Trainee: 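I'd like to ask some things about the structure below.
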Amino acid sequence: MLLLLPPLSVAGERPLELVTLQYPPYQYQEGAGVKGFVVDIVREAFSRMGRTVHVSVYPWGRSLAMVETGQADAIFTLYKTPEREARLDYSRQTLMPQAVSLFVLQDSTIRFDGRLGQLSGYRFGVVRSVSYGAVFDTAARQGLIRIAETAASGEQNMEKLVARRFDILVSNRLGAWDIIRRQHVEGLVRELQPPVERIPSYIAFARKPDLAGVRDRFDAELEGMKRDGSYARLVSAADP
């Protein structure tokens with residue numbers, strides 16, 4: 001009977017509870033399952049550690065509260081802020097760099113050289129209460145660019161761009177391309193280059209005694225995935 005038991009180091013480790021938000025194509029609830037290429041990366045890293053994980057999607061504020069209070073063990077994909085770093089144990093390895101890009105209609109003559117101030121004469125559309133990174137947020141706050149329209153969602157914002165309610169849409173790059181494909185407007189919209197900003201995002205762990213060492217083991221496996229090419233293969237599945 002003893003031979004049928006798993007090793008104590010495995011048997012004694014409970015499944016880890018991970019939380020995130022609805023954020024396709026990175027991570028999203030579909031039916032009873034949670035999918036997305038970042039979910040695949042996270043699951044693969046924990047699998048290499050020999051750890052079982054359970055991923056749940058909640059509103060972002062609830063997910064943050066759950067990991068800060070220890071109800072959940074980790075949260076992804078998370079930007080770094082001093083306030084969050086004081087409460088959570090961030091991975092050292094970047095889980096996913098996220099680009100913020102500008103989108104215009106195919107027939108637009110707008111060009112972008114990386115300086116937002118050069119676009120002061122155009123109308124921008126944004127999603128209400130969303131941060132687009134320090135570069136864009138600071139330009140908007142200082143009045144270097146003009147926010148002409150706000151929308152309740154990325155989908156609604158894309159619809160407004162196609163309807164010519166404004167000139168330039170700002171968005172997380174892969175999030176925008178996911179919407180473009182779902183709305184079948186690939187022939188109507190194009191992405192300006194370069195991106196406004198590239199922002200690293202991470203997995204962050206609750207500060208709990210039973211998680212000691214888990215972050216370092218996760219970092220080691222994620223680094224290994226980047227070295228052996230498996231990380232790049234998973235990311236390429238979502239790249240337009």
Side-chain angles (χ1 to χ4, degrees), residues 16-28 34 36-46 49 53 55-101 114 116 126-142 154 170-176 194-209 211-227 231-232 234-235 238-239:
L16 295 172
E17 294 294 331
L18 312 183
V19 292
T20 186
L21 77 163
Q22 186 78 2
Y23 195 31
Y26 299 91
Q27 56 259 349
Y28 55 95
V34 180
F37 73 99
V38 175
V39 175
D40 294 338
I41 291 169
V42 168
R43 284 177 171 149
E44 174 63 20
F46 279 110
M49 293 166 56
V53 296
V55 182
S56 300
V57 171
Y58 296 108
W60 190 234
R62 181 178 175 186
S63 287
L64 273 172
M66 289 178 70
V67 75
E68 288 174 355
T69 59
Q71 289 178 269
D73 297 303
I75 183 172
F76 66 93
T77 47
L78 192 68
Y79 294 162
K80 275 188 180 179
T81 68
E83 297 76 17
R84 290 173 180 174
E85 284 191 275
R87 298 190 293 269
L88 300 173
D89 193 13
Y90 273 79
S91 60
R92 300 294 187 261
Q93 286 283 321
T94 298
L95 177 60
M96 180 53 51
Q98 298 188 34
V100 174
S101 287
L116 283 171
V126 301
V127 176
R128 192 175 301 113
S129 301
V130 167
S131 170
Y132 294 99
V135 173
F136 186 89
D137 291 354
T138 299
R141 187 168 57 251
Q142 294 177 349
V170 58
S171 176
N172 172 282
R173 178 176 182 267
L174 293 184
V196 175
E197 186 176 5
R198 298 183 187 276
I199 309 171
S201 65
Y202 304 84
I203 186 170
F205 295 85
R207 295 188 180 276
K208 298 162 65 175
L211 295 178
V214 172
R215 184 209 64 197
D216 291 341
R217 291 167 59 199
F218 181 90
D219 275 337
E221 297 299 347
L222 184 57
E223 184 178 15
M225 290 173 63
K226 292 176 180 178
R227 284 198 308 267
Y231 178 92
L234 290 169
V235 172
D239 199 308

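Since the structure is predicted, the reported quantities are computational estimates derived from the model, not experimental observations.
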Trainee: Please test R215 against D89 for salt bridge (charged side-chain N to carboxylate O under 4.0 Å, His left out), starting from the C-alpha separation and ending with a verdict.
Mentor: CA-CA 8 Å; R215 184 209 64 197; D89 193 13; 2.8 Å; yes

Trainee: Should I203 and I75 count as side-chain neighbours, where that means a heavy-atom distance under 4.5 Å?
Mentor: no

Trainee: Measure from the ring center of F218 to the ring center of F46 and say whether it is less than 6.0 Å.
Mentor: yes

Trainee: Could you tell me whether the side chain of E197 and the main chain of V135 form a donor-acceptor pair under 3.5 Å?
Mentor: yes

Trainee: Distance-only, no hydrogens or angles: does the D73 side chain make a donor-acceptor pair with backbone N or O of E17 under 3.5 Å?
Mentor: yes

Trainee: Counting only heavy atoms not in R198, do more than 12 fall under 6.0 Å of its CZ?
Mentor: no

Trainee: Any heavy-atom pair between the side chains of F205 and L88 that's under 4.5 Å?
Mentor: no

Trainee: Would you confirm whether the ring centroid of F76 sits within less than 6.0 angstrom of the ring centroid of Y202?
Mentor: no

Trainee: Could you check whether any side-chain N or O of Y132 sits under 3.5 Å from a backbone N or O of V196, counting only pairs where one atom can act as donor and the other as acceptor?
Mentor: no

Trainee: If we ignore hydrogens and angles and just use 3.5 Å, is the side chain of R173 paired with the main-chain N or O of A99 as donor and acceptor?
Mentor: no

Trainee: Do R43 and V39 have side chains that get closer than 4.5 Å, going by heavy atoms?
Mentor: yes

Trainee: Within the side chain of K208, is there an N or O that forms a donor-acceptor pair under 3.5 Å with the backbone of G70?
Mentor: yes

Trainee: Is S91 reaching over with its side chain to a backbone N or O of A204, donor-acceptor style, under 3.5 angstrom?
Mentor: no

Trainee: Determine whether a donor-acceptor pair (N or O, by modelled atom type, separation under 3.5 Å) exists between the side chain of R217 and the backbone of M49.
Mentor: yes

Trainee: Does any part of the side chain of L95, heavy atoms only, come nearer than 4.5 Å to the side chain of I41, both counted from C-beta?
Mentor: yes

Trainee: Check whether any side-chain N or O of S201 sits under 3.5 Å from a backbone N or O of M96 as a donor-acceptor pair, and report yes or no.
Mentor: yes

Trainee: Under the side-chain contact (heavy atoms from CB on, under 4.5 Å) rule, collect the residues that match up with R227, sequence neighbours excluded.
Mentor: E223

Trainee: Please lay out, stage by stage, how Q98 and Y23 fare under the test side-chain hydrogen bond (donor to acceptor under 3.5 Å, both in side chains).
Mentor: CA-CA 12 Å; Q98 298 188 34; Y23 195 31; 2.9 Å; yes

Trainee: Can a donor-acceptor pair be found, under 3.5 Å and without considering hydrogens, that links the side chain of Y90 to the backbone of Y79?
Mentor: yes

Trainee: With a 3.5 Å distance limit and no angle check, can you tell me whether R84 reaches the backbone of P82 through a side-chain donor-acceptor pair?
Mentor: no

